[in-house]
Amino acid sequence: MLPPATGVQEQGQGRKTALIVEGGAMRGAWAAGVLAFLSERAQPTFDLVYAASSGACSAAYFVAGLWQPGLVIWRELASQAVRKTNFLRHKPIIDLAYLVDHVFRQHVPLSVEALRNAPTLFFIVLTDCRTGEAVYFHACDERVFAALRASASMPLATRGFDFVDGQPFADGGVADPIPIQRALQDGATDITIVLTHKPSFRLKPAPRWLGRLAYPEFPEVARVWTTQQCLRYNAALDLLRQPPAGIRLRVFCPLKPLKVGYFTNAQERIAAAIVSGHDEALEQAGDIGVTVPAALPVCPVAE
């Protein structure tokens, strides 16, 4: 069974820092640039990190102290995982076997020991295929690779799910795309959020027939994806505008339209998105952006 998110409240009284990284497939290159900025500026270690989909992949290398190898993956290898012509062959557009089993395990290895020894509690967000509910997997052992595959299993672009401990889990962004409520529940008081859309973006519901097509075996996931994901996503963005009393937020988000989409495989565009993420993080952070906790300006919420 997956380990519960225990031990969070016992990490100490007082203020607690958290980092949330939104997914978005290849849009995650922008988020990787933000994480590079935080790492370069000797960002103090976060107590808690939550991420799903491609955000979880970048966050894993960030928490392990391997942010530079993580950027190598984005610059040189991530594009090879996107195979658009597979759609015509009824095969997954995103090759997670290549990305996780070859790149993360062998070519640019993600150190499980570094994750285990990190002072940060790192949670990969998953969606339970049986219930449609979010699960927060504490990544601290070899199962991290299975969890990353499951969390990155986008509907329609992959087979839609993968197994952790013999149980099927889907894209974590389906059940909890921006897990700010979970961070608050776990006692976070100073939260940094890395978005891959502007906060003015609003997610719309997906057609129910598309849900049945994406998850024919798992009706609860199909229901959540088509009717609940948009509500939870938009509610999280609203919460960023009006956080609870005593909660300090800072938000990094794209200031300009990204030139990468979910399935971009042009290396030059991916590299440009990394640079954009880094430079726009610097622009949004200002002179005091290297300190956590700090009452940083939230980036604009209107176009």
Side-chain angles (χ1 to χ4, degrees), residues 1-6 8 18 20-25 27-28 48-57 59-60 92-94 96 100 122-139 143-186 193 195-197 201-240 262:
M1 295 295 293
L2 297 181
T6 58
V8 176
I20 295 171
V21 186
E22 184 184 2
R27 294 176 67 90
L48 309 163
V49 172
Y50 307 84
S53 193
S54 64
C57 297
I93 297 174
I94 298 179
L96 293 178
V100 177
F122 173 38
F123 297 102
I124 299 173
V125 187
L126 307 172
T127 299
D128 190 323
C129 288
R130 300 159 298 181
T131 65
E133 295 299 317
V135 173
Y136 306 89
F137 176 84
H138 182 199
R143 296 176 300 163
V144 62
F145 298 105
L148 289 174
R149 282 184 58 149
S151 188
S153 293
M154 292 180 63
L156 300 175
T158 71
R159 69 170 175 172
F161 69 96
D162 218 307
F163 293 94
V164 183
D165 287 344
Q167 301 298 325
F169 293 91
D171 181 353
V174 170
D176 197 354
I178 308 174
I180 184 170
Q181 286 285 7
R182 178 66 188 205
L184 294 172
Q185 178 183 330
D186 288 342
I193 303 100
L195 300 176
T196 54
H197 296 84
F201 173 77
R202 283 296 180 267
L203 190 63
K204 299 179 180 179
R208 294 194 178 187
W209 66 264
L210 200 60
R212 293 191 293 269
L213 179 64
Y215 299 106
E217 301 175 68
F218 306 111
E220 281 303 306
V221 181
R223 180 187 63 81
V224 171
W225 184 48
T226 57
T227 66
Q228 297 299 309
Q229 183 193 39
C230 61
L231 299 177
R232 297 172 186 180
Y233 185 92
N234 297 338
L237 293 182
D238 291 338
L239 185 59
L240 298 185
Y262 292 106

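The basis for the numbers below is simple: all heavy atoms, side chains too, and nothing from hydrogens, waters or symmetry mates.
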- Do the numbers put R182 on top of the ring of Y136, so that NZ or CZ is under 6.0 Å from the six-membered ring centre and no more than 45° off the axis?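 Flagged: R182 positioned over aromatic ring of Y136.
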- Task: Find out whether L240 and I178 are in side-chain contact, i.e. whether some heavy atom of one side chain is under 4.5 Å from a heavy atom of the other.
- Result: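 Side-chain contact under 4.5 Å: no.
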- Message: Quick check: do R208 and T226 have side-chain heavy atoms less than 4.5 Å from each other?
- Response: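 Yes, side chains in contact.
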[X] to [Y] - nearest heavy-atom pair and separation:
X: K204; Y: C230; value: C-CB, 3.8 Å
X: T158; Y: I94; value: CG2-O, 3.8 Å
X: G160; Y: Y215; value: O-CE2, 3.3 Å
X: A59; Y: V21; value: CB-CG2, 4.4 Å
X: P179; Y: Y50; value: CG-CB, 3.7 Å
X: Q167; Y: R130; value: OE1-NH1, 2.8 Å

- Task: Decide yes or no on side chain to side chain contact (heavy atoms under 4.5 Å, CB included) for E22 and L195, but give the supporting numbers first.
- Result: CA-CA 5 Å; E22 184 184 2; L195 300 176; 3.5 Å; yes
Do side-chain atoms of [X] reach the backbone of [Y] as a donor and acceptor pair under 3.5 angstrom?
X: S54; Y: G23; result: no
X: T127; Y: A175; result: yes
X: Q229; Y: G173; result: yes
X: S151; Y: S53; result: yes

- Query: Does R202 CZ have over 12 foreign heavy atoms under 6.0 Å away?
  - Reply: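 Count over threshold, so yes.
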How long is the straight-line distance from [atom2] of [Y] back to [atom1] of [X], given to the nearest 0.5 Å?
X: L203; Y: L237; atom1: CG; atom2: CG; result: 9.0 Å
X: F169; Y: F161; atom1: CZ; atom2: CZ; result: 12.0 Å
X: I180; Y: I193; atom1: CD1; atom2: CD1; result: 4.5 Å
X: D128; Y: E133; atom1: CG; atom2: CD; result: 8.0 Å
X: F137; Y: F122; atom1: CZ; atom2: CZ; result: 10.0 Å

- Task: Check the angle between the aromatic planes of Y233 and F201 and answer parallel, tilted or perpendicular using the 30° and 60° thresholds.
- Result: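 Ring orientation of Y233 relative to F201: perpendicular.
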- Task: May I ask you to decide if the ring planes of Y262 and H197 are parallel, tilted or perpendicular, using 30° and 60° as cut-offs?
- Result: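 Plane angle between 30° and 60°, so tilted.
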- Not counting sequence neighbours, list each pair that qualifies as a salt bridge (charged side-chain N to carboxylate O under 4.0 Å, His left out) and has a residue in residues 146-161.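 Of all non-adjacent pairs touching residues 146-161, those that pass salt bridge (charged side-chain N to carboxylate O under 4.0 Å, His left out) are D101-R149, R149-D162, R159-D162.
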- Query: Does a donor on one side chain and an acceptor on the other come within less than 3.5 Å for R232 and Q181?
  - Reply: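 Not at all, the side chains of R232 and Q181 share no donor-acceptor pair under 3.5 Å.
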- Message: Test of understanding: with salt bridge (Lys or Arg N to Asp or Glu O under 4.0 Å), list the residues that count as partners of D176, not counting sequence neighbours.
- Response: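 With sequence neighbours excluded, D176 shows a salt bridge (Lys or Arg N to Asp or Glu O under 4.0 Å) to no residue whatsoever.
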- So among L96, L148, V174, L126, which one has a side chain to side chain contact (heavy atoms under 4.5 Å, CB included) with S153?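 Filter result, single survivor: L96.
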